[in-house]
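Structure first, then comments.
This is a predicted model, so every value here is computed, not measured. Computed over heavy atoms, backbone and side chain alike; hydrogens, waters and symmetry mates excluded.
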Amino acid sequence: MLNYAMMPLQKYAQFTGRSGRAEFWWYFLATIIVSLIAQTLDGMIFGQPGILTGVVALGLLIPGLAVQFRRLHDTDRSAWWLLIGLIPLVGAIVLIVFYASAGTPGPNKFGEPPAGAPTA
């Protein structure tokens with residue numbers, strides 16, 4: 001599990017290829033936990049969220065975008081679908097459905113399936 005959460009950091013700015021559901025969702029959970037810890041420490045040290053929260057957010061921005069790109073690639077969708085998230089509420093729901101859906105079995109136009117994924 002921790003391995004899945006760390007994969008996007010190891011592939012820091014790799015926007016090509018594919019990422020499975022486990023990699024995406026474990027990273028998402030780890031990001032939430034790290035952000036909450038940063039906010040708590042900021043609150044205890046500075047009295048409000050601030051510097052540490054901002055540093056964590058900036059540090060996790062690129063790998064977060066990269067894993068979203070690769071997750072959409074795994075479902076055989078272009079990363080341009082991220083722009084649908086700009087539509088309030090509906091865009092977020094559509095993206096959650098895409099992120100939760102199974103990846104394409106076997107190779108697709110974005111590459112080979114992620115390690116551990118079923119092949120057709």
Side-chain angles (χ1 to χ4, degrees):
M1 290 177 238
L2 183 60
N3 185 35
Y4 283 121
M6 295 301 290
M7 267 190 221
L9 295 176
Q10 294 167 351
K11 302 175 186 177
Y12 190 82
Q14 182 180 341
F15 290 88
T16 58
R18 297 167 60 177
S19 287
R21 286 186 282 194
E23 179 181 344
F24 176 82
W25 289 111
W26 282 110
Y27 179 74
F28 182 75
L29 178 64
T31 299
I32 289 173
I33 291 169
V34 169
S35 297
L36 289 174
I37 291 170
Q39 287 177 0
T40 302
L41 289 174
D42 262 348
M44 291 183 340
I45 296 169
F46 302 111
Q48 62 184 354
I51 296 171
L52 187 58
T53 304
V55 168
V56 167
L58 284 175
L60 297 176
L61 177 67
I62 300 298
L65 282 173
V67 76
Q68 289 177 68
F69 272 51
R70 293 191 312 270
R71 182 69 200 124
L72 288 170
H73 290 171
D74 190 42
T75 61
D76 208 18
R77 291 180 177 85
S78 167
W80 286 104
W81 275 100
L82 277 176
L83 294 177
I84 201 168
L86 296 174
I87 301 171
L89 189 62
V90 173
I93 292 170
V94 169
L95 284 174
I96 289 170
V97 169
F98 288 169
Y99 296 148
S101 62
T104 306
N108 67 17
K109 63 184 174 186
F110 298 104
E112 294 294 320
T119 56

Test item: Phe15 and Leu65 side chains (from C-beta on) under 4.5 Å apart, heavy atoms: yes
Where Gly20 and Pro114 come nearest, the two heavy atoms and their spacing: N-CG, 3.5 Å
With distance as the sole test, does Asp42 use its side chain to make a donor-acceptor pair with the main-chain N or O of Thr53 at under 3.5 Å? yes
In short, Ala13 meets Ile62 closest at the heavy-atom pair CB-CG2, 3.9 Å
Please check if Leu52 and Leu58 belong to a single hydrophobic cluster, counting links between Ile, Leu, Val, Met, Phe, Trp and Tyr side chain heavy atoms closer than 4.5 Å. no
With no hydrogens and no angle check, is any side-chain donor or acceptor of His73 less than 3.5 Å from a backbone partner on Arg18? no
Given the options Val90, Leu89, Ile96, Ile93 meets side-chain contact (heavy atoms from CB on, under 4.5 Å) only with Leu89
Atom pair CE (Met6) and NZ (Lys11), whose distance is rounded to the nearest 0.5 Å: 13.0 Å
Specify the closest pair of heavy atoms between Gly103 and Arg71, including all atoms of both residues, with the distance to one decimal. N-NH2, 4.0 Å
Say you draw a straight line from CH2 of Trp81 to CD of Gln68; how long is it, rounded to the nearest 0.5 Å? 15.0 Å
CG on Leu29 to CD1 on Ile33, rounded to 0.5 Å: 4.0 Å
Test of understanding: clusters of I, L, V, M, F, W, Y form through side-chain heavy atoms closer than 4.5 Å, transitively. Do Val94 and Phe69 belong to the same one? yes
Do Tyr27 and Leu60 come close enough that some side-chain heavy atom pair is under 4.5 Å? yes
OG1-CG distance between Thr75 and Asn108, expressed to the nearest 0.5 angstrom: 8.5 Å
Nearest 0.5 Å, please: how far is CZ in Arg70 from CE in Met7? 9.5 Å
Atom CD1 of Ile51: over 12 foreign heavy atoms under 6.0 Å: no
Mind checking whether Ile32 and Leu61 sit in one hydrophobic cluster, side chains of I, L, V, M, F, W, Y counted as touching below 4.5 Å? yes
Specify the closest pair of heavy atoms between Pro8 and Pro63, including all atoms of both residues, with the distance to one decimal. O-CB, 3.6 Å
Shortest non-hydrogen contact from Asp74 to Ser19? CB-O, 3.3 Å
Is Val56 close to Thr31 at the side-chain level, that is, under 4.5 Å between some pair of heavy atoms? no
Taking Phe46 as the starting point, is it possible to reach Leu41 by hopping between hydrophobic residues whose side chains are less than 4.5 Å apart? no
Under a 4.5 Å cut-off applied to non-hydrogen side-chain atoms, are Tyr4 and Trp25 in contact? no
Check for me, please, whether Phe28 and Tyr12 land in the same ILVMFWY cluster - side-chain distances under 4.5 Å, paths through other members count. yes
Check this for me: Phe98, atom CZ, are more than 12 non-hydrogen atoms of other residues, nucleotides or ligands nearer than 6.0 Å? yes
Give, for atom CH2 of Trp26 and atom CG of Asn3, the distance between the pair rounded to the nearest 0.5 Å. 12.0 Å
Could you check Leu72 against Phe110 for side chain to side chain contact (heavy atoms under 4.5 Å, CB included), going step by step and ending with a plain yes or no? CA-CA 10 Å; Leu72 288 170; Phe110 298 104; over 6 Å; no
